[in-house]
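I have placed the structure first, in the form of structure tokens, so that the comments after it can refer back to it.
If you read the sequence from its start, that first residue is 1, and numbering goes on from there. What you see is a predicted model, and the numbers here were worked out from it, not measured in a lab.
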Amino acid sequence: MRTRTLLTFTAAVAALGLTAPASAADTPVLTTTDGAAVAVGDVLNASLASGTAATFYSSATGTSGISCTSSAFAATVTDNPAAPGTATESLTSHTFDTSGCTANVVGVLGVSGITVDNLPYTTSVSSDGTVSVTPGEGSAIQSTVKLRTLLGTINCVYRAPSLTGKADNADNSISFTNQQFTKASGSSLCFANAFFTAKYAPVTKGGVAVNVN
């Protein structure tokens with residue numbers, strides 16, 4: 001009788017749908033603000049947060065270097081596991097519109113180009129908001145900056161082993177602060193280090209902002 005009673009109760013619970021509630025683990029790391037899961041293959045886009053600039057300064061505390069008011073990135077989602085966890089993306093595009101770039105480096109008249117080399121990079125976004133950008137094996141994160149000088153255009157090549165940023169659901173942003181690049185080649189007018197700071201917001205999928213869970 002005890003066995004029959006237990007089986008009857010179990011069947012009744014199942015019939016009423018009174019199973020254990022879905023856990024938070026059923027929610028993926030990346031979702032849009034309307035509650036939809038971000039799928040593998042989806043493309044995420046972001047431009048600089050309104051009213052901000054991307055800067056490459058010669059020191060972490062200084063203001064000498066390059067400032068750009070227009071920059072954007074695009075990344076394709078390659079994995080989006082259940083939260084808590086780490087989602088991964090392939091960063092396929094990272095651009096700077098040099099028409100909005102200025103330089104206050106002695107001997108430099110302006111910026112004629114900034115390219116991000118060695119793409120794609122692997123980007124990981126963890127549930128705690130940590131963002132990591134890493135290059136392919138045997139490669140480096142690299143940017144080539146073309147500067148106009150009185151003696152003509154010079155190329156300054158900067159490299160970093162990786163970048164670390166922070167995602168924030170308050171404004172669906174990703175921020176990088178004083179990420180250090182080291183000069184790999186270039187003239188003496190190229191500063192020895194470039195500290196990269198930028199805030200991209202909102203990060204969107206198909207025009208809808210993305211949250212990190």
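Here the rule is side-chain hydrogen bond (donor to acceptor under 3.5 Å, both in side chains) with Tyr200, and of Ser47, Ser175, Ser71, Ser173 only Ser71 fits it. A side-chain hydrogen bond (donor to acceptor under 3.5 Å, both in side chains) with Lys199 holds for exactly one of Thr52, Asp171, Thr177; it is Asp171.
Transitive grouping of hydrophobic side chains (ILVMFWY, heavy atoms separated by less than 4.5 Å) keeps Phe181 and Val157 in distinct clusters. Transitive grouping of hydrophobic side chains (ILVMFWY, heavy atoms separated by less than 4.5 Å) keeps Phe195 and Val111 in distinct clusters. The cluster map of Ile, Leu, Val, Met, Phe, Trp and Tyr, joined by side-chain heavy atoms under 4.5 Å apart, puts Val125 and Val43 in different clusters. Hydrophobic cluster membership is shared by Leu163 and Val203, with clusters built from Ile, Leu, Val, Met, Phe, Trp and Tyr side chains linked at under 4.5 angstrom.
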After noting the C-alpha distance and the side-chain angles of Thr164 and Gln179, does the key distance pass the side chain to side chain contact (heavy atoms under 4.5 Å, CB included) rule?
CA-CA 7 Å; Thr164 300; Gln179 296 300 291; 4.0 Å; yes

Check the pair Tyr121, Ile141 against side chain to side chain contact (heavy atoms under 4.5 Å, CB included), reporting the backbone distance first and the verdict last.
CA-CA 8 Å; Tyr121 300 144; Ile141 294 176; 3.9 Å; yes

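Val116 approaches Ser143 most closely through the heavy-atom pair CG2-OG, 4.1 Å. The shortest heavy-atom contact between Val29 and Thr86 is CG2-N, 3.9 Å. Ser99 and Asp97 get closest at one heavy-atom pair: OG-OD1, 2.7 Å. Smallest separation of non-hydrogen atoms from Asn80 and Pro28: ND2-CB, 3.4 Å. Listed here is the closest heavy atom pair of Leu119 and His94: CD1-N, 4.1 Å. Contact record, Leu147 with Cys156: CD1-SG, 3.8 Å, taken as the closest heavy-atom pair.
The number of heavy-atom neighbours closer than 6.0 Å to NZ of Lys183, taken from other residues, nucleotides and ligands shown, is above 12.
For the pair Thr144 and Gln142, the minimum side-chain heavy-atom distance is below 4.5 Å. Taking the side chain as every heavy atom from C-beta outward, Asn172 and Val210 never approach each other to under 4.5 Å. Looking only at side-chain heavy atoms (C-beta outward), Leu151 and Leu189 stay at 4.5 Å or farther from each other. Residues Pro135 and Asn118 fail the side-chain proximity criterion, which asks for heavy atoms closer than 4.5 Å. Counting only heavy atoms from C-beta outward, the side chains of Tyr158 and Cys190 approach each other to under 4.5 Å. For the pair Asn169 and Val212, the minimum side-chain heavy-atom distance is below 4.5 Å. Annotation: side chain of Leu48 is not in contact with side chain of Thr69 (no heavy-atom distance under 4.5 Å). A 4.5 Å side-chain heavy-atom check between Phe73 and Ile174 finds at least one atom pair inside the cut-off.
For the atom pair Thr197 OG1 and Asn178 CG, the distance stands at 4.0 Å (nearest 0.5 Å). Taking CG from Leu44 and CG from Asp42, the interatomic distance works out to 7.0 Å, rounded to the nearest 0.5 Å. Here CD1 of Ile154 is found 10.5 Å from OG of Ser185. Values are rounded to the nearest 0.5 Å. Summarising the geometry, atom OG belonging to Ser112 is positioned 7.5 Å from atom CG belonging to Asn155; distances are rounded to the nearest 0.5 Å. Annotation: the span from Lys146 atom NZ to Thr115 atom OG1 amounts to 6.5 Å, rounded to 0.5 Å.
Under the 3.5 Å distance criterion, the side-chain polar atoms of Thr78 are matched with a main-chain donor or acceptor of Thr88. Using a distance-only test at 3.5 Å, with no hydrogens or angles considered, no donor-acceptor pair links the side chain of Asn193 to the main chain of Ser59. Within the 3.5 Å criterion, the main-chain N or O of Thr153 finds no donor-acceptor partner in the side chain of Arg148.
Leu109 belongs to a hydrophobic cluster whose other members, connected by ILVMFWY side-chain contacts under 4.5 Å either directly or through intermediates, are Leu150.
Residues passing the ring pair (Phe, Tyr, Trp, His ring centres under 6.0 Å) test with Phe56 are Phe96, Phe196, sequence neighbours excluded.
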